[in-house]
Amino acid sequence: MKLTCAAFTELLRCTLLGHLRNRLALVLAVAFIPVWIAVARLCTSDQVVRIRLDAISVPVSAPASQLGQVASALGAVTMVAGFITFTETFQSRQMDRRLLLAGYPRLPMLLAKLTAIALTAVALALYTTILLCASLPVRHAGPLGLALAGAGLAYGGIGLLLGSLVRGELEGFFLIIMLSLVDTGLQNPVFNTLMDVAGVSALPLYGVNQLALSSALTPQTPWSHGLLSLAWSAATGALALLVLHHHRPSRSSWSRRTRADAE
C-alpha cells in the first residue's frame, strides 16, 4: 500500500510538472480561450435566436452572440484540455515504459494521469467561467463551471487514450482537433438551432453542452446531463488502462530500442 501511494504521489507530481513545463499549452490556456470567446462575441450578431434544448424540453430565446460565446468556450476548453493531456502522455511514454520495467504498478500510474486531467479541467473551467461571467449575464455560474469542467474531463480522457495509442504527435493533434470541431460544430445552436442531427446525443459534448446552455441562459439546471461527460472520461480512462495493461515491455526490446535511438 505504501509503495502504491508513493508511486501515485510521485507520478502525479511529475505529470503536473510536465503540464507546467509545456509553454505552448500554457499560452493556449491563457490566451486562446479568451480570444476564442471574444471572436464569437464580435463575429456573431445580437439577433435573437430561438432554440430547443432537450435537457429542459422547452424553447429558449437568446441573442446569437450569447449562444455563440458559450459554445465557443466549450470548444476552446476541449481543445486545450485534449492538447495538454495528449502532449504530456505522448512525450512521457518512454519514461512510463522505464517505470513499468522498474516495477511501478500500472494502476497508480493511470490514476495519477486521471487525477492530473481532473485538476487541469477544474483550472480551465474556473478560468473560463470567470471570462464568461465578465462577458455574459450568466444565470448560474456554478453549474456552468461544472459543465466546462466536464468538457475538459471528456477530452482530457480522449487525449490520454490517443497519447497511449497513436504513433506520431501530428496524428494525435489532427484527431483531437477534428473531433472537437465536429462535436462543437454540430451542437452549436447558432448554426444548428434545432440541434436534431442524428447521433448528436452520442458525442462527448452533448451532455455538457445542454447543461452549459441551460445554466448560462435559463433559470433551469439539468444536472443529470452533466454526468454524461463523466461516462466519457471513465470509458476513455478504462480503455487507456486496458492499453497499459496489455503493454508489457521487455527488457530486451527496450535495450534494442535504446541502442537504435543512440545510433
Side-chain angles (χ1 to χ4, degrees), residues 16 19-20 25-44 46 49 51 53 55-56 60 62-85 114-159 176 180 183-185 187-190 203-233:
L16 293 176
H19 290 337
L20 294 176
L26 292 177
V27 171
L28 285 175
V30 174
F32 176 70
I33 295 177
V35 168
W36 202 236
I37 294 174
V39 168
R41 181 175 184 176
L42 294 174
C43 298
T44 311
D46 290 327
V49 176
I51 65 172
L53 295 175
I56 57 178
V60 176
S65 61
Q66 295 183 6
L67 295 169
Q69 287 178 71
V70 176
S72 296
L74 280 171
V77 168
T78 60
M79 283 194 184
V80 173
F83 173 77
I84 290 175
T85 306
L114 292 176
T115 303
I117 291 173
L119 294 175
T120 302
V122 169
L124 291 174
L126 179 61
Y127 178 54
T128 308
T129 302
I130 293 173
L131 294 173
L132 285 176
C133 287
S135 181
L136 296 173
V138 174
R139 295 288 190 96
H140 306 289
L144 174 61
L146 290 177
L148 293 167
L153 278 174
Y155 272 80
I158 292 172
I176 290 173
S180 177
D183 199 352
T184 55
Q187 301 191 74
N188 191 329
V190 177
L203 294 175
L205 288 185
Y206 172 75
V208 293
N209 184 60
Q210 296 282 320
L211 177 59
L213 291 172
S214 301
S215 302
L217 306 174
T218 74
Q220 303 185 49
T221 304
W223 294 101
S224 59
H225 280 68
L227 299 177
L228 296 177
S229 63
L230 296 180
W232 267 94
S233 182

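Using a 4.5 Å cut-off on side-chain heavy atoms (C-beta onward), Val49 and Pro189 make no contact.
Nearest approach of Pro204 to Ile158, heavy atoms of both residues: CG-CD1, 4.1 Å. Nearest heavy atoms, Gly157 versus Ile117: N-CD1, 4.1 Å. The nearest pair of heavy atoms linking Leu20 to Leu26 is O-CD1, 3.2 Å. Across every non-hydrogen atom of Gly159 and Ile176, the tightest pair is CA-CD1, 4.2 Å. Here the closest non-hydrogen pair linking Leu211 and Ser215 is O-OG, 2.7 Å. Shortest non-hydrogen contact noted between Pro34 and Tyr127 is CG-OH, 3.6 Å.
One finds the CG atom of Leu144 at 8.5 Å from the CG atom of Leu136 (value rounded to the nearest 0.5 Å). The distance from the CG atom of Leu42 to the CD1 atom of Ile37 is 12.0 Å, given to the nearest 0.5 Å. Distance CG/Asp183 to CG/Asn188: 11.0 Å, rounded to 0.5 Å. Between the CG atom of Leu213 and the CG atom of Leu53 there is a distance of 5.5 Å, given to the nearest 0.5 Å. The CD atom of Gln220 sits 10.0 Å away from atom CZ of Arg139, with the distance rounded to the nearest 0.5 Å. The CG atom of Asp46 lies 8.5 Å from the CZ atom of Arg41; values are rounded to the nearest 0.5 Å.
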| said: Before you tell me yes or no, could you show the steps for Leu148 and Leu132 under side-chain contact (heavy atoms from CB on, under 4.5 Å), namely the whole-Å CA-CA distance, both residues' side-chain angles and the distance that decides it to 0.1 Å? | reply: CA-CA 11 Å; Leu148 293 167; Leu132 285 176; 4.2 Å; yes

| Passes side-chain contact (heavy atoms from CB on, under 4.5 Å), Leu119 versus Leu16? Steps please. | CA-CA 9 Å; Leu119 294 175; Leu16 293 176; 4.1 Å; yes

| field | Leu205 vs Tyr155, side-chain contact (heavy atoms from CB on, under 4.5 Å): CA-CA, chis, key distance, verdict | value | CA-CA 9 Å; Leu205 288 185; Tyr155 272 80; 3.8 Å; yes

Extract all donor-acceptor atom pairs below 3.5 Å that involve side chains of residues 67-84 and protein atoms in other chains or at least two apart in sequence.
{"from": "Gln69", "atom 1": "OE1", "to": "Ser135", "atom 2": "OG", "distance (Å)": "2.4"}
{"from": "Gln69", "atom 1": "NE2", "to": "Ser65", "atom 2": "O", "distance (Å)": "3.2"}
{"from": "Ser72", "atom 1": "OG", "to": "Gly68", "atom 2": "O", "distance (Å)": "2.8"}
{"from": "Thr78", "atom 1": "OG1", "to": "Leu74", "atom 2": "O", "distance (Å)": "3.4"}
{"from": "Thr78", "atom 1": "OG1", "to": "Gly75", "atom 2": "O", "distance (Å)": "2.6"}
{"from": "Thr78", "atom 1": "OG1", "to": "Ser180", "atom 2": "OG", "distance (Å)": "2.9"}

